[in-house]
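Heads up, the thing below is written out as structure tokens.
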Amino acid sequence: MTSAFNRRDAIQAGLAMAWPVGIATLIGGCDQSDGVSSAQAGAPSDAEASVSPPPIVLEGGGSVRVHYLEIVTPEVDGLCSQYEAVHGVTFGDADVNLGGARTAKLEGGGMIGIRGPMRDSETPVVRPYVLVEDIEKSVKAAADAGAIVALPPTEIPTHGTCAVVIHGGIECGLWEL
């Protein structure tokens, strides 16, 4: 019996392999000090760290701050239980403003949200939302670079404004506070 391995299978396999490393980095924080203490590296104080997540600094001076990591799965309670058991986090009740996601705080002020599909055609996905200063400008820049705008800037009561763009089959969220 021959089975076809399609692009979707490859993407899902890639996410399955990359997921443990990626979530460990997001939950544990990004340590770029190479043995230098937090104070020596100019790390933010506890008060500063609670305002926004630690940035991933890119060559050339830019940075990426993950504000919200959204996981869509038909097995919300089971995955929340897994994260609670493995990582010692606690998920809250469903937040209607986040599509019914159960959320937990990430170190540095971001959140991880696990929710069920909101429509029959929505498939499981892990979607990071990065902070941007101007969401309209960021969505335009993504579209100009070839992304498809899947969700235009949309206000989320009590949370800010988000958008979703897709480039090369990868869904990327943008978030403005």
Would you mind writing out the side-chain donor-acceptor pairs for residues 141-162 within the sub-3.5 Å range, not counting sequence neighbours?
from   : atom 1 : to     : atom 2 : distance (Å)
Asp144 : OD2    : Lys140 : NZ     : 2.8
Thr154 : OG1    : Pro152 : O      : 2.7
His159 : NE2    : Asp95  : OD2    : 2.9

>> Apply side-chain contact (heavy atoms from CB on, under 4.5 Å) to residues Glu122 and Val72 and explain how you reach the verdict.
In response: CA-CA 8 Å; Glu122 187 173 25; Val72 177; 3.8 Å; yes

>> Count I, L, V, M, F, W, Y as connected when their side-chain heavy atoms are under 4.5 Å apart, and connections chain through other members. Are Ile166 and Val126 then in the same cluster?
In response: no

>> Holding to side chain to side chain donor-acceptor pair (under 3.5 Å), I want the full list of residues that pass it with Arg102, two or more places apart in sequence or in another chain.
In response: Asp77

>> Can you list everything that forms a side chain to side chain donor-acceptor pair (under 3.5 Å) with Tyr68? Sequence neighbours excluded, please.
In response: none

>> Between Ile112 and Glu70, does the side-chain contact (heavy atoms from CB on, under 4.5 Å) criterion hold? Intermediate values first, please.
In response: CA-CA 6 Å; Ile112 182 172; Glu70 180 177 50; over 6 Å; no

Just verifying a value: how many Å separate [X] [atom1] and [Y] [atom2], rounded to the nearest 0.5 Å?
| X | Y | atom1 | atom2 | answer |
| --- | --- | --- | --- | --- |
| Lys137 | Leu174 | NZ | CG | 13.5 Å |
| Leu69 | Leu106 | CG | CG | 6.5 Å |
| Leu58 | Ser63 | CG | OG | 7.0 Å |

> What pairs of residues pass the ring pair (Phe, Tyr, Trp, His ring centres under 6.0 Å) test when at least one of them lies in residues 91-126, not counting sequence neighbours?
Replying inline: none

>> Taking ring pair (Phe, Tyr, Trp, His ring centres under 6.0 Å) as the cut-off, I'd like each qualifying pair that reaches into residues 92-113, sequence neighbours left out, listed once.
In response: none

>> Taking Gly78's backbone N and O only, do any of them form a donor-acceptor pair with Gln82's side chain (distance below 3.5 Å, no angle check)?
In response: no

> Which heavy atom of Ala94 sits nearest a heavy atom of Gly100, and at what distance?
Replying inline: CB-O, 3.3 Å

>> So which atom in Arg65 and which in Pro55 form the shortest heavy-atom distance, rounded to 0.1 Å?
In response: NH1-CD, 3.5 Å

>> Applying salt bridge (charged side-chain N to carboxylate O under 4.0 Å, His left out), can you list everything that pairs with Asp134, at least two apart in sequence or on another chain?
In response: none

>> Just to verify, what does Thr73 make a side-chain contact (heavy atoms from CB on, under 4.5 Å) with, not counting sequence neighbours?
In response: Glu75, Val76, Leu79, Ile114

> Pairs in or reaching into residues 167-177: which pass side chain to side chain donor-acceptor pair (under 3.5 Å), with residues at least two apart or in two chains?
Replying inline: Arg127-Glu171

